[in-house]
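Read the structure below first, then the notes.
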Amino acid sequence: MRETARATDLLDWYDRHARDLPWRVGPRARAAGMRPDPYRVWLSEIMLQQTTVPAVKPYFEAFTARWPTVSDLAAAADADVMAAWAGLGYYARARNLLKCARAVAEEHGGVFPDSYEGLLGLPGIGPYTAGAIAAIAFDLPATVVDGNVERVMARLHDEHTPLPQAKPVLTDMAAALTPQQRPGDYAQAVMDLGATICSPRNPACGLCPWRPSCAAWEAGTAAELPKKAPKKRKPTRLGIAYLVRRVDGAWLLERRPDKGLLGGMLGWPGSEWNEAPGEAPPIRAEWKTLPGEARHTFTHFHLRLTVKTALVPMDRPATRGEFVELAEFSPSDLPTVMRKAYDLARGS
DNA sequence: AAGACGTGGGT
DNA sequence: TACCCAAGTCT
């Protein structure tokens with residue numbers, strides 16, 4: 001007979017195996033009464049949306065060093081925050097990060113709301129993040145459902161309904177397991193379990209504290225759960241990027257509109273990205289087309305970017321973008337696709 | 001309410 | 001090479 005899964009079994013496992021993460025207050029310190037700074041919890045949770053821990057770490061360190069409090073971040077210039085986020089992806093997160101910081105600073109006195117509902121009302125905070133902050137920062141018994149929890153619940157209950165259709169039932173399952181005691185540790189424990197033991201491929205069931213209660217283990221189906229709706233294939237789009245160098249070394253750059261792909265980020269002026277992009281030079285110049293192309297894959301399409309370069313005199317007016325002095329430009333301020341175009345032009 | 005929205009690492 | 005995946009949110 002299969003056992004019933006208990007939160008305490010997972011908490012015992014977490015006490016022994018909790019990972020040490022820069023934004024985490026571990027189980028021992030929490031037991032001693034320590035609580036994480038809500039600002040750091042919030043920042044880490046936004047960065048971790050659809051993003052791996054190794055990718056987040058250096059960005060988290062850089063942000064907290066430069067902007068130690070939510071009020072510091074609220075006072076930052078948009079361009080500085082977008083540049084600091086460059087390379088992390090999903091740039092709407094950075095735009096909403098600033099909106100949220102400013103809402104907290106101006107409408108909440110610099111203090112994060114300490115309720116699920118209050119958090120949910122802030123920009124960039126959805127059901128998952130509101131629950132995570134409520135549980136981790138405020139020790140409220142919020143149910144936290146991310147991709148890890150969906151996977152753990154699907155396996156625990158041998159649920160074969162494909163995602164995203166299964167989301168409501170999986171949420172109910174997660175809610176039924178959420179304890180009133182140590183909800184902050186528990187939220188992190190389920191996610192750690194999903195990230196380390198109950199992993200997407202080759203789950204380490206031999207090490208799992210919930211194996212005695214796992215229906216998928218009993219059925220031998222763990223590795224094939226959760227089921228997911230089939231993916232659509234990505235089309236390929238073409239584009240042209242224009243890299244213009246002024247004789248004093250300044251680069252011609254353009255701030256992209258807030259809405260849409262790479263919204264709010266700096267980039268090279270260029271054509272539309274589609275099946276047959278037309279020429280769209282941002283300045284009168286003698287263009288050189290570089291051999292090869294910058295290839296990049298976005299969430300929903302592949303891009304093959306032709307790079308054209310030109311050197312222009314000081315007094316040449318641009319029809320698009322603005323020249324940025326060499327001393328004020330760093331390729332690390334660019335989203336990855338734009339940095340690839342830069343690398344192609346610099347021969348690296 | 002599906003689709004838009006990035007990127008890097010693993011297989 | 002190509003596909004999958006990672007602590008989702010917004011529209």
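Residue numbering restarts at 1 for every chain, and letters A, B, ... go by the order of the sequence lines.
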Which whole-number value in Å describes the distance from A/Lys227 NZ to C/dC5 C1'? 17 Å
May I ask you to list the residues of residues 80-104 of chain A, by number, that have any heavy atom positioned under 4.0 Å from an atom of DNA chain B? A/Gly87, A/Leu88, A/Gly89, A/Tyr90, A/Tyr91
Members of residues 169-183 of chain A that approach DNA chain B, where some heavy atom sits under 4.0 Å away: none
Partners of A/Lys234 by side chain to side chain contact (heavy atoms under 4.5 Å, CB included), sequence neighbours excluded? A/Thr297, A/His302
Atom-to-atom span, NE2 of A/His300 to C1' of B/dA2 - whole angstrom: 13 Å
Enumerate the residues from residues 46-67 of chain A whose closest heavy atom to DNA chain B is under 4.0 Å, giving them by residue number; use none for an empty result. A/Gln50, A/Thr51
For DNA chain C, which residues in residues 116-147 of chain A have a heavy atom at a distance below 4.0 Å? A/Pro123, A/Gly124, A/Ile125, A/Gly126, A/Pro127, A/Tyr128, A/Thr129, A/Asp146, A/Gly147
From NZ of A/Lys234 over to P of B/dG6, roughly how many Å is that when rounded to an integer? 12 Å
Listed partners of A/Glu45 passing salt bridge (Lys or Arg N to Asp or Glu O under 4.0 Å), at least two apart: none
A/Lys167 NZ to C/dG8 C1', straight-line distance once rounded to whole Å: 8 Å
Using whole Å, what does the distance between atom P of nucleotide C/dA6 and atom CE of A/Met191 come to? 14 Å
Does any residue of residues 256-277 of chain A have a heavy atom under 4.0 Å from DNA chain B, and if so, which ones, in number order? A/Gly260, A/Leu261, A/Leu262
What closest approach, in Å, do A/Ala345 and A/Thr309 show between heavy atoms, and which atom pair accounts for it? CB-CG2, 4.2 Å
Should A/Leu253 and A/Phe323 be counted in the same cluster of Ile, Leu, Val, Met, Phe, Trp and Tyr side chains packed under 4.5 Å apart? no
Please produce a list of atom pairs where a protein N or O lies less than 3.5 Å from an N or O of nucleotides 1-3 of chain C.
none

Distance-minimising heavy-atom pair for A/Leu88 and A/Ala55: CD1-O, 3.8 Å
Taking CD from A/Glu224 and C1' from C/dC5, how many angstroms apart are they, rounded to a whole number? 18 Å
Only pairs at least two apart or in different chains count here, so list each ring pair (Phe, Tyr, Trp, His ring centres under 6.0 Å) that has a residue in residues 112-150 of chain A. A/Trp42-A/Phe112
Without decimals, in angstroms, what is the distance between A/Trp42 CH2 and C/dG8 P? 17 Å
Can you identify which nucleotide, out of B/dT7, C/dA6, B/dG6, has its nearest atom closest to the A/Thr336 side chain? B/dT7
B/dG6 C1' sits how many Å from A/Lys340 NZ, rounded? 10 Å
With no hydrogens and no angle check, just 3.5 Å: does a side-chain donor-acceptor pair link A/Gln188 and A/Arg24? yes
Under the salt bridge (Lys or Arg N to Asp or Glu O under 4.0 Å) test, which residues partner A/Arg245, sequence neighbours left out? none
Taking the nucleotide of DNA chain B with the nearest heavy atom to each, does A/Val337 or A/Pro164 sit closer to the 5' end? A/Pro164
Once salt bridge (Lys or Arg N to Asp or Glu O under 4.0 Å) is applied, do any residues pair with A/Lys340, and if so which ones, sequence neighbours excluded? none
Donor-acceptor contacts under 3.5 Å from residues 213-222 of chain A side chains, at least two apart:
from: A/Ser213; atom 1: OG; to: A/Trp210; atom 2: O; distance (Å): 3.3
from: A/Glu218; atom 1: OE1; to: A/Arg2; atom 2: NH1; distance (Å): 3.1
from: A/Thr221; atom 1: OG1; to: A/Asp158; atom 2: OD1; distance (Å): 2.5

